[in-house]
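Note sheet for the following structure.
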Amino acid sequence: MRLTQRTCCSARADVRLPGYDRSRLSRGLVHLGLGAFHRAHQALYTEAAICAGDTRWGIVGVSLREPRTPRALAAQDYLYSVTEREGAAATTRIVGAVVQAWYAPHALAEVIGALADPAIPVVTCTVTEKGYCQLPSSADLDTGNADIRHDLAHPDTPRSTLGVLAAGLRRRPPGAPLSIVCCDNMPGNGDTLRKLLAQYAELIDPPLARRVRDELALPNTMVDRIVPAATPTSRHEVLERLGLHDEAAIVCEPFTQWVIEDCFAGPRPAWEAGGALLTGDVRPFQAMKLQLLNGTHSAIAYAGQLCGLETVADAMADPLVGAFATGVMADLQSTVQAPPGYDVGRYSEALLDRFRNAALEHRTAQIAADGTQKVPVRWLPALRASAGAERPYLECALAAWLHCLRGERSDSGQTLAFHDPGAPALAARLRAAHSDPDAVRAALAHVAVFGSEPWPAPLAARLARHLAVLRLGGAAALLSF
Ligand code: CS2
């Protein structure tokens, strides 16, 4: 039996149901990017605000790229389940906060209408780093991006996140307050989105660019929860736990954190009800999380892929990769300033424990995707800050990524290839080089990823040595410190 409003009360007895009357919900929030992360993170904070009695915040979910989730949710009266797992412990709940789900290419007028609706004062987004069509090293608008070129030519029928947001804003009555809350893993994510949206708007409608700069609220946020993409095993597990078939089921870790800059243009859900921290300065939280969690995650992903380890937990259990992850975290720690009340050492220990959670099937291939967007945010700040001093583990991680991009093989002989639309130009440079030092020089000169400031020659020499070790001895040779 499928999960729906009618069937949800026949879920197993220990499953928590939405504790409020869903028919009283009104549309209060548009979310762009209806993936698992949003549904296991911001949607649950919104659910908590609704449970606390404020029924204004029904979520209008929009998927810009894939029709599967909106279709699955529509067939379930927009209900879905979230199962938190750690070791043998698991809890499952059904979430009721989503009241509409659209696939943007099939409902563009409705999406733009919702963004223009003055009764909706909040937009949140999780469209991944590449979803903002930015150049990774400078976070400026990539005017060569195919979707941006399309949207500049057809601003009323846009495809990109920026294009869709701008089309909604152009129709929004002037003076209707709007807060856009970016929840992607980028430093200064709200400020970056403001800059990108203003750069896009400048090219189609300069007065709109002024509104973006002066009137919109774009709080910076730090979001954290490990939410792997669903797998056949996780779906089966949920079926057992729920007693109902849920095509939008999520299995994730129990940990969750949301730190939000307290600067909204109008009303917002009381996300504090779900434990969100509203604060004046999010940057230290972002830097700590992006470098230590996401930075180490990416290193585990490439090292794990090179060693043929499928999940983060498998990689952590491997003596070489597990020790390597700890080393990378230590290299990254040296440039992290803890936010007030935090101890970087304890925070790092807790992260390593979260990575060891064997109840999650978090695939290394998933995290390895989009490296050209992630590496500049996660690793390069620490390498820049080291001013040429050796960061041995982090440098091996960078070499491992370049080795993968070069199309080399894993220790078990598999060709390594990850989804990353930004990678072909960098990969072509690496593959055209005639030696390891040449390959490193060509890669570091790829400004879109590595920036225009030159990198120290000793770093380049060390990377070339690591590439040679990898080619000749494989990952096991590189990671045996
Ligand atoms: C991961 C993140 O896929 C990735 O790149 O590093 O999705 C990570 O799981 C989350 O940011 C955790 O908060």
Side-chain angles (χ1 to χ4, degrees), residues 33-45 82 84-86 124-132 136 182-187 189 220-231 234 250-260 274-277 282 285-305 310-313 315-316 321 325 328-329 332 347-348 350-357 359-382 394 397 400-401 404 418-423:
L34 201 45
F37 185 72
H38 166 70
R39 287 179 288 125
H41 190 272
Q42 305 96 57
L44 292 188
Y45 289 83
V82 175
E84 297 177 1
R85 288 210 54 186
E86 172 141 40
T124 51
C125 36
T126 50
V127 294
T128 79
E129 300 88 334
K130 70 170 177 292
Y132 297 97
C182 174
C183 300
D184 280 294
N185 285 322
M186 306 171 327
N189 47 7
N220 292 301
T221 68
M222 180 271 247
V223 291
D224 190 7
R225 180 166 236 189
I226 294 175
V227 187
T231 63
S234 73
I250 292 165
V251 175
C252 63
E253 65 170 345
F255 181 91
T256 178
Q257 190 177 21
W258 196 8
V259 184
I260 310 167
L277 174 68
V282 173
F285 290 94
Q286 281 185 329
M288 180 172 76
K289 191 264 173 173
L290 290 175
Q291 296 197 48
L292 297 182
L293 190 159
N294 298 109
T296 309
H297 237 181
S298 288
I300 294 170
Y302 298 115
Q305 281 286 310
E310 272 219 19
T311 69
V312 173
M316 290 301 291
V321 182
V328 169
M329 183 112 41
L332 289 163
Y347 182 82
S348 303
L351 290 181
L352 292 169
D353 273 346
R354 289 168 62 195
F355 295 161
R356 290 188 194 105
N357 185 350
L360 300 181
E361 276 188 306
H362 201 186
R363 289 177 312 110
T364 47
Q366 183 187 345
I367 303 169
D370 294 336
T372 52
Q373 295 281 337
K374 294 173 178 177
V375 165
V377 165
R378 301 174 179 200
W379 297 347
L380 300 189
L394 193 53
W401 179 52
C404 295
F418 314 115
H419 184 74
D420 182 356

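Every number for a ligand or one of its atoms is a count from 1 in the order of the listing.
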Are there any N/O pairs under 3.5 Å between ligand 1 and the protein, and if so, what are their distances?
unit_1: ligand 1; atom_1: 5 (O); unit_2: Lys374; atom_2: NZ; d: 2.9
unit_1: ligand 1; atom_1: 5 (O); unit_2: Arg378; atom_2: NH1; d: 3.1
unit_1: ligand 1; atom_1: 5 (O); unit_2: Arg378; atom_2: NH2; d: 2.9
unit_1: ligand 1; atom_1: 6 (O); unit_2: Asn294; atom_2: ND2; d: 3.1
unit_1: ligand 1; atom_1: 6 (O); unit_2: His297; atom_2: ND1; d: 2.8
unit_1: ligand 1; atom_1: 6 (O); unit_2: Arg378; atom_2: NH1; d: 3.3
unit_1: ligand 1; atom_1: 11 (O); unit_2: Asn185; atom_2: ND2; d: 2.9
unit_1: ligand 1; atom_1: 11 (O); unit_2: Lys289; atom_2: NZ; d: 2.7
unit_1: ligand 1; atom_1: 11 (O); unit_2: Asn294; atom_2: ND2; d: 2.9
unit_1: ligand 1; atom_1: 13 (O); unit_2: Asp224; atom_2: OD1; d: 2.6
unit_1: ligand 1; atom_1: 13 (O); unit_2: Arg225; atom_2: N; d: 3.0
unit_1: ligand 1; atom_1: 13 (O); unit_2: Arg225; atom_2: O; d: 3.4
unit_1: ligand 1; atom_1: 13 (O); unit_2: Lys289; atom_2: NZ; d: 3.1

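Partners of Ser348 by side-chain contact (heavy atoms from CB on, under 4.5 Å), not counting sequence neighbours, listed by chain and number: Leu292, Met329, Gln333, Val344. Under the side-chain contact (heavy atoms from CB on, under 4.5 Å) criterion, Ala359 pairs with Arg85, Asn357, not counting sequence neighbours. Considering only residues two or more places apart in sequence or on other chains, Thr126 meets the side-chain contact (heavy atoms from CB on, under 4.5 Å) condition with His31, Phe37, His38, Gln42, Cys183, Asp184.
With hydrogens and angles left out, the side-chain atoms of Lys374 and Asn294 include no donor and acceptor closer than 3.5 Å. Between the side chains of Thr221 and Asn189, a donor-acceptor pair is found at a separation under 3.5 Å.
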side-chain hydrogen bond (donor to acceptor under 3.5 Å, both in side chains) between Gln305 and Thr364: does it pass, once the steps are laid out? CA-CA 6 Å; Gln305 281 286 310; Thr364 47; 2.9 Å; yes
